[in-house]
Amino acid sequence: MTGTGGRPLRVAVIGGGPGGLYAAALLKRLDPAREVTVWERNAPDDTFGFGVVLSDETLGGIEHADPVVYAALKDEFVRWDDIDIVHRGVRHTSGGHGFAALGRRRLLGILHERCRSLGVDLRFRTEAPYPAWLSEAYDLVIAADGVHSGTREAYAEVFRPSIEEHRCRYIWLAADFPLDAFRFEIAETEHGVMQLHGYPYARPSPDHHPSTRPSGPQSQFGASTVIVEMREEVWHAAGFAELDTAETIERCAKIFADALRGRPLRSNNSTWTTFRTVVTERWSHGNLVLLGDAAHTAHFSIGSGTKLAVEDALALVACLEEHPSLPEALAAYEEERRPVVASTQRAARASLEWFENLRLYLDQPPRQFAFNLLTRSRRVTHDNLRLRDPRFTEAVEREFGCPPGTPPMFTPFRLRGLTLRNRVVVSPMDMYSAVDGVPGDFHLVHLGARALGGAGLVMTEMVCVSPEGRITPGCAGLYTGRQAEAWRRVTDFVHSQAPGTAIGVQLGHSGRKGSTKLMWEGMDEPLEEGNWPLVAASPIPYKPGGRTPRELSRAQLTDIREQFTSAAVRAARAGFDLLELHCAHGYLLSGFLSPLTNHRTDAYGGSLAGRLRFPLEVFDAVRAVWPGERPMTVRISATDWAEGGTTVEEAVEIARAFAAHGADAIDVSTGQVVAEEKPAFGRSYQTPYADRIRHETGIPVIAVGAISSWDDVNSLILAGRTDLCALARPHLYDPHWTLHAAAEQGYGGQGAVWPAPYRAGSRRPNTGRTDAPKPRLKLGS
């Protein structure tokens, strides 16, 4: 049965973890008449792991929803502000972070006490009945049964879970003393890199003396969580697979003896495991709803598992109170929580992958390494780290080479004979506004405005090397002298009116993605008339049912190579400072690189070396005619976001090959190669590929992909994940994005010079006053 307004009166909770218990307590507190039953297969004191970290935001929600639980938690928390990062014997400390933790067993105890006081029926050492039976017997079933959720698997066809195992092994241990800070320590062993994640979760008892060696209950001496993690191959090489638990913890204590001050570690049913990222397409089925790890997981390195579960419980109960029917409430719960969880999972994946690839960063300068670690998830950024710990951040900037008062994005960067005054690039953006391939007034104003806006480098859209190489009838070209003269008008404007800004040209051929409508008339849709023939590496249409391109013969490959060189000669004469070869996004050269679009059986297909052959031939031909002092870059798609496509390992080899042939930098994009791609969109979502290529090869890189703030640019540059940042949409929104970024940071140096006619606008305009006079006197009646 259901209560007033359709709210559930009989509630079953599967799983007695923090999320399930907290949901049970809140539901019972809001309606004492509710019958709430929790099934937990373990005993009350059984728990895995040791400490739990909760954010101030989560605690604020708990305080508002249940002051009794909050008060009990507040009395137990260990709080600290510092993060210690220890690498190659050097410790760097960053402060101002603010953490709160307590023992998982104590957290569960507080929630047990609260549930009992409210009348929740807690059934320990008891397997929950089958979910189908519970759904029949109860108004609402909350499945909070963890990462290995049997409920989720019982209805897998409904919830459609995706479970991904990752590359590292880890083990949860504890030390019987409180660490001074959140500590990350790196151990470079003969077997490979290992890392320790540690934090305090229990204070020493008041009568404890620091000189006392632990011999009694751990609570007397305080305690810390210690997680040891390493890649799978390192774990095998070190022999951990053959060690029992006692031998494992002894070995780990020896490896990290400095962090542990020579003290031992202990376990609690601890085993080595591999982290599993769980994503579910749906969170509810009828009156059954998933909560916490049953619905989603986030890697422990950002400390969000318990946080997400508790926040799920808060949101679920609030939605049940706010909506008149159960279906509406469950839909609202998922709508509210899914974006938050997705954002957290993106941050967790970035953090997880950073630690998986830790070996790439070992040779960074110590402070930059520490900054890189702190900003790995993109949730801590340069700007908020500067607010939390200005001394640490300024030290990182000095080590990087930032002049005093200069943000990282405004430090110069040199490519061959070209010095860019800052690290901001206006990314190539197709405008589809040329007539017969000739750029006109629109291009002059569009590119000229962005050059005046302060970026270090302004890139043209993809400029096509032939009429057949256009994407649409509105695409610009460099296959005639008239087009070159029109481009000269643009470069002359940039060089004369925006001195210090460089302008680059991106050369490309549309391949199988050509002969389509203008973007706003139907992106990637074939023209209804006036079509031209399509060519590609292999005769595969871009979309099912689309036009099939002709497979290029060797003679045609020679012709296209010559079209690229002719366009490059015109580009040099037109005054461009840099040339970029477009080998990304499924256009002609990209189509040779991807195994999904290149099915050739001749020398230009098959292995990666074969697929690289023609793009490298084009690069060599263009480099031979492009002035030696001017740099060349190459844009690649580092992943196709599709099964069987280009892998990041192949992208590294592609970048390495172009660099060996003389590329000065790699512009690292992703996707748009096949129509069936499934990108993992999110803030700065493509930058990890640039980071990987930069650190694997040492080649300068340009990062792209939803970089939207100057804070992101500063963070990426200072962490060493990229050398330059290319932004597209922000420059459509604000042509003066770079100058405004300088003004907002209080910077006025040579990295961002306002054009003389614009200097009066170099400070943010004043706005009208909105503050009313404050009451000063209280008059009696």
Side-chain angles (χ1 to χ4, degrees), residues 437 462-471 475-484 505-515 531-542 547-574 576 579-628 630 632-637 646 654 657-663 673:
M462 184 178 91
V463 176
C464 305
V465 298
S466 69
E468 298 76 23
R470 292 174 297 163
I471 308 166
C475 288
L478 257 172
Y479 45 87
T480 70
R482 184 179 169 213
Q483 293 163 355
V505 62
Q506 185 188 70
L507 291 185
H509 187 298
S510 61
R512 68 177 188 156
K513 295 178 75 176
S515 193
N531 300 93
W532 53 87
L534 301 182
V535 295
S538 298
I540 306 169
Y542 177 62
R547 294 177 61 205
T548 300
R550 263 192 348 264
E551 179 172 303
L552 286 162
S553 68
R554 292 207 176 197
Q556 290 172 317
L557 293 178
T558 300
D559 290 342
I560 287 176
R561 187 173 67 238
E562 290 176 356
Q563 290 170 359
F564 272 95
T565 57
S566 296
V569 170
R570 293 188 184 97
R573 291 175 182 165
F576 287 104
L579 186 148
E580 178 165 284
L581 190 65
H582 201 340
C583 297
H585 299 168
Y587 298 123
L588 182 68
L589 299 181
S590 170
F592 275 85
L593 293 173
S594 172
L596 295 177
T597 52
N598 184 343
H599 294 178
R600 299 175 74 101
T601 57
D602 63 3
Y604 293 98
S607 67
L608 179 59
R611 302 197 309 272
L612 265 164
R613 189 182 304 275
F614 183 61
L616 288 175
E617 286 180 359
V618 174
F619 180 91
D620 289 342
V622 172
R623 182 70 267 184
V625 300
W626 184 246
R630 300 188 205 178
M632 267 188 72
T633 63
V634 179
R635 175 168 276 206
I636 67 169
S637 286
T646 301
I654 290 168
F658 278 114
H661 283 245
V673 175

Legend entry - Residues R630, L579; criterion side-chain contact (heavy atoms from CB on, under 4.5 Å); working and verdict: CA-CA 8 Å; R630 300 188 205 178; L579 186 148; over 6 Å; no
Legend entry - Within-4.5 Å side-chain heavy-atom neighbours: L593 and N598: no
Legend entry - Side chain R512, main chain P541, donor-acceptor under 3.5 Å: yes
Inset, instruction - Determine whether H661 and L612 make a side-chain contact, defined as any pair of heavy atoms from C-beta on separated by less than 4.5 Å. - result: no
Inset, instruction - To the nearest 0.5 Å, tell me how far Q506 CD sits from F576 CZ. - result: 11.5 Å
Legend entry - From L589 atom CG to R611 atom CZ, the distance as rounded to the nearest 0.5 Å: 14.5 Å
Legend entry - Side-chain touch F658/P615, heavy atoms, less than 4.5 angstrom: yes
Inset, instruction - Verify, without hydrogens or angle tests, whether T548 (side chain) and P539 (backbone) share a donor-acceptor contact under 3.5 angstrom. - result: no
Inset, instruction - Taking all non-hydrogen atoms of both residues into account, name the closest pair between A568 and V622 and its distance. - result: CB-CG1, 3.7 Å
Inset, instruction - Measure from the side-chain N and O atoms of H582 to the backbone N and O of A584, and report whether any donor-acceptor pair falls under 3.5 Å. - result: yes
Inset, instruction - Might you point out which heavy atoms bring R600 and L557 nearest each other, and give the distance in Å? - result: NH2-CD1, 4.2 Å
Inset, instruction - Give the ring-plane orientation class for F592 versus F614, where under 30° counts as parallel, over 60° as perpendicular and anything between as tilted. - result: tilted
Legend entry - Short side-chain to backbone donor-acceptor contact, S515 and W532, under 3.5 Å: yes
Inset, instruction - Heavy atoms only: give me the nearest A621-R561 pair and the separation to one decimal. - result: CB-CG, 3.8 Å
Inset, instruction - Decide yes or no for I540 and H599: does some side-chain heavy atom of the first lie under 4.5 Å from some side-chain heavy atom of the second? - result: yes
Legend entry - Residues which pass side-chain hydrogen bond (donor to acceptor under 3.5 Å, both in side chains) with D559, listed by chain and number, not counting sequence neighbours: none
Inset, instruction - Using atom types as modelled and distance alone, determine if a side-chain donor or acceptor of S594 lies under 3.5 Å from a backbone N or O of L596. - result: yes
Inset, instruction - Would you mind reporting whether Y479 and S566 have side-chain heavy atoms less than 4.5 Å apart? - result: no
Inset, instruction - With the side chain counted from C-beta on, respond yes when H509 and Q563 share a heavy-atom pair under 4.5 Å apart, and no when they do not. - result: yes
Inset, instruction - Rounded to the nearest 0.5 Å, what's the gap from CZ on F564 to OG on S466? Could you check? - result: 8.0 Å
Inset, instruction - Report the distance from atom OG1 of T646 to atom CD1 of I654, rounding to the nearest 0.5 Å. - result: 5.0 Å
Inset, instruction - Might you point out which heavy atoms bring V673 and S590 nearest each other, and give the distance in Å? - result: CG2-OG, 3.8 Å
Inset, instruction - Could you tell me whether the side chain of T565 reaches within less than 4.5 Å of the side chain of E562, counting heavy atoms only? - result: yes
Inset, instruction - May I ask you to decide if K513's main-chain N or O and S510's side chain share a donor-acceptor pair within less than 3.5 Å? - result: no
Inset, instruction - Kindly give the heavy-atom pair with the smallest separation between A536 and L588, and that separation in Å. - result: CA-CD1, 3.8 Å
Inset, instruction - Please check if the side chain of R635 supplies one atom and the backbone of E580 the other of a donor-acceptor pair under 3.5 Å. - result: no
Inset, instruction - Work out which heavy atom in C464 is nearest to a heavy atom in R470; give both atom names and the distance. - result: SG-CA, 3.4 Å
Legend entry - Between NE2 on residue H585 and OG on residue S637, distance to nearest 0.5 Å: 4.5 Å
Inset, instruction - Given side-chain contact (heavy atoms from CB on, under 4.5 Å), test Y542 with R547 step by step and report yes or no. - result: CA-CA 8 Å; Y542 177 62; R547 294 177 61 205; over 6 Å; no
Inset, instruction - Run the numbers on E617 and Y604 for side chain to side chain donor-acceptor pair (under 3.5 Å), then give the verdict. - result: CA-CA 11 Å; E617 286 180 359; Y604 293 98; 3.0 Å; yes
Legend entry - R613 side chain to G610 backbone, donor-acceptor under 3.5 Å: no
Legend entry - Rounded distance (nearest 0.5 Å) linking atom CZ of R550 with atom CG of L552: 7.5 Å
